[in-house]
Protein chains: 2
Amino acid sequence: MNLFLLEPHELSSAGSAQLADHRAAHLLQVLKVDTGDTVRIGLLDGPVGTGTVMSTSDGTVTLRCDFASAVPPRPAVDLLLALPRPKVLRRLWAQLAALGVGRIMLTNAARVERNYFDTHVLTPACYGPLLVEGLQQARDTRLPVVSIHRRFTALVEDELDGLSGDGARRLVAQPGAPTTVATCIRQHPAARVLLAVGPEGGWNDHEVERLTAHGFTPVGMGPRTLRSDTACISLLTLVHAALGADRVQ
Amino acid sequence: MNLFLLEPHELSSAGSAQLADHRAAHLLQVLKVDTGDTVRIGLLDGPVGTGTVMSTSDGTVTLRCDFASAVPPRPAVDLLLALPRPKVLRRLWAQLAALGVGRIMLTNAARVERNYFDTHVLTPACYGPLLVEGLQQARDTRLPVVSIHRRFTALVEDELDGLSGDGARRLVAQPGAPTTVATCIRQHPAARVLLAVGPEGGWNDHEVERLTAHGFTPVGMGPRTLRSDTACISLLTLVHAALGADRVQ
């Protein structure tokens, strides 16, 4: 854990937090903290800061919390992802949060199996802790906003503008497309990117047509076809690099 | 499966191959091939080509194999990776082969647990099929060469030159390093890259010193610290993009 995320309700009015869960266990057993030690903390969707260990006892750690004034910016990439197999999605949650995604829109598509929507991997009780794990890994506090869309057409035609906002550059990953992410963003600089990644087997022709009709530019990754989870990680990396988010701040 | 890989011994002298394993099952049950259909094939470490279904019976498929004359180039990136946890490595094999790696050198490091070396995930019987799975996903035929090194110092001081060849640009991933992969390769263009990725928790100071003394330049990925498997995928993506391998061939 590179940062300990706290929820607002965990902070006392005096600015301290008492931890007794796996975070306390990590502080005591892995980092072996003692009174006076400091650790990197963050407030969920709020600033990062420093926690000073005030006391430890019986598996409980009390931290005095000092936060910076500025809140980290929301990651500049949103992801529109055809719902992957539950096992794959389960592995992706933490990785997506670690790479940095403002919003994750999971959508149906012709090549998505309907029973994928019934999995508990789509419940906040499952993905919430995995997203937090990814944020703590990456030292971020900005929780990706997750929404689930059973109707691809309604999402693309009616809902997308409201969800992703104006001005985002829209890219759709297409095996074999000749334009790279870097070229595309260099030619049309943008502050935000909305990236669409299809299911295993790809979007069908109708879906590609709908996406391009709604402003998505096909981008390729060269001659290698990747599994959708590997493709997600690769493409998010390329988009962040093209936006300059790989510069050390 | 985007390509069916064959081993040289599976080819008859007349240029046909009889498949009766999971590849035949995939051809029959997923692709539902019939006599006369063609599928994309490749010869392990050889050319890609076309397989024409000559007959199907009882779970067996016989293909006539026509291969291109050219063999795909070996991927231009080699990976020096501190041995990850067995569970993580198991998931990485196919992804590394799919992304394209010429050689995978797995090494010990101060923050690698010794018992990681005892896992069956390091046996060719385990990783061979996973690498082939990744090649078939990516439509490549060039099997990464795997070597396992229990002594970091011996590897870096004595063996590395022989393994990775001269002239490869050497990069070591370092959280917080100010230079990006793209900048580094733009400043010193190279035909091959040797990328070193550390363990969870990072290389220790001695290891970083040994690596930099042997020509490795630290490269960063921005302010976010990634898990080592996510970092591998991201960094390989960035190196391939910087080498121009993301252009469609």
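None of the values given here were measured: they were computed from a predicted structure. Order of the sequence lines fixes the chain letters, A, B, ..., with proteins taken first and strands second; residue numbering starts at 1 for each chain.
Of all non-hydrogen atoms in B:L226 and A:A98, the two that sit nearest each other are CD2-O, 3.7 Å.
The line from CG of A:N2 to CZ of B:R224 is 11.5 Å long, rounded to the nearest 0.5 Å. Atom CD1 of B:I233 is separated from atom CD of A:Q95 by 6.0 Å, given to the nearest 0.5 angstrom. One distance of note links CG of A:L99 with CE of B:M221; it measures 7.0 Å at 0.5 Å rounding.
In this structure the side chain of A:Q137 never reaches within 4.5 angstrom of the side chain of B:T230, judged on heavy atoms.
Within the 4.5 angstrom heavy-atom criterion, no atom of B:L236 approaches chain A. Using a 4.5 Å cut-off between heavy atoms, B:A97 touches chain A through its backbone atoms (N, CA, C, O) alone. Looking at A:R227, both its backbone and its side chain come within 4.5 Å of chain B, counting heavy atoms on both sides. Contacts of B:Q136 with chain A are absent, with no heavy-atom separation under 4.5 Å from either backbone or side chain.
Environment of CZ in B:R103: crowded, with over 12 heavy atoms of neighbouring residues, nucleotides or ligands closer than 6.0 Å. In this structure, B:N115 places its CG atom where more than 12 heavy-atom neighbours from other residues, nucleotides or ligands lie under 6.0 Å away. For CG of A:D21, the number of neighbouring non-hydrogen atoms (other residues, nucleotides, ligands) closer than 6.0 Å is greater than 12. Atom CZ of A:R40 is surrounded by 12 or fewer heavy atoms from other residues, nucleotides or ligands within 6.0 Å. At most 12 non-hydrogen atoms from other residues, nucleotides or ligands lie less than 6.0 angstrom from CZ of A:R90.
Looking only at heavy-atom pairs under 4.5 Å with chain B, the residue among A:G134, A:S234, A:A94 that has the most is A:S234.
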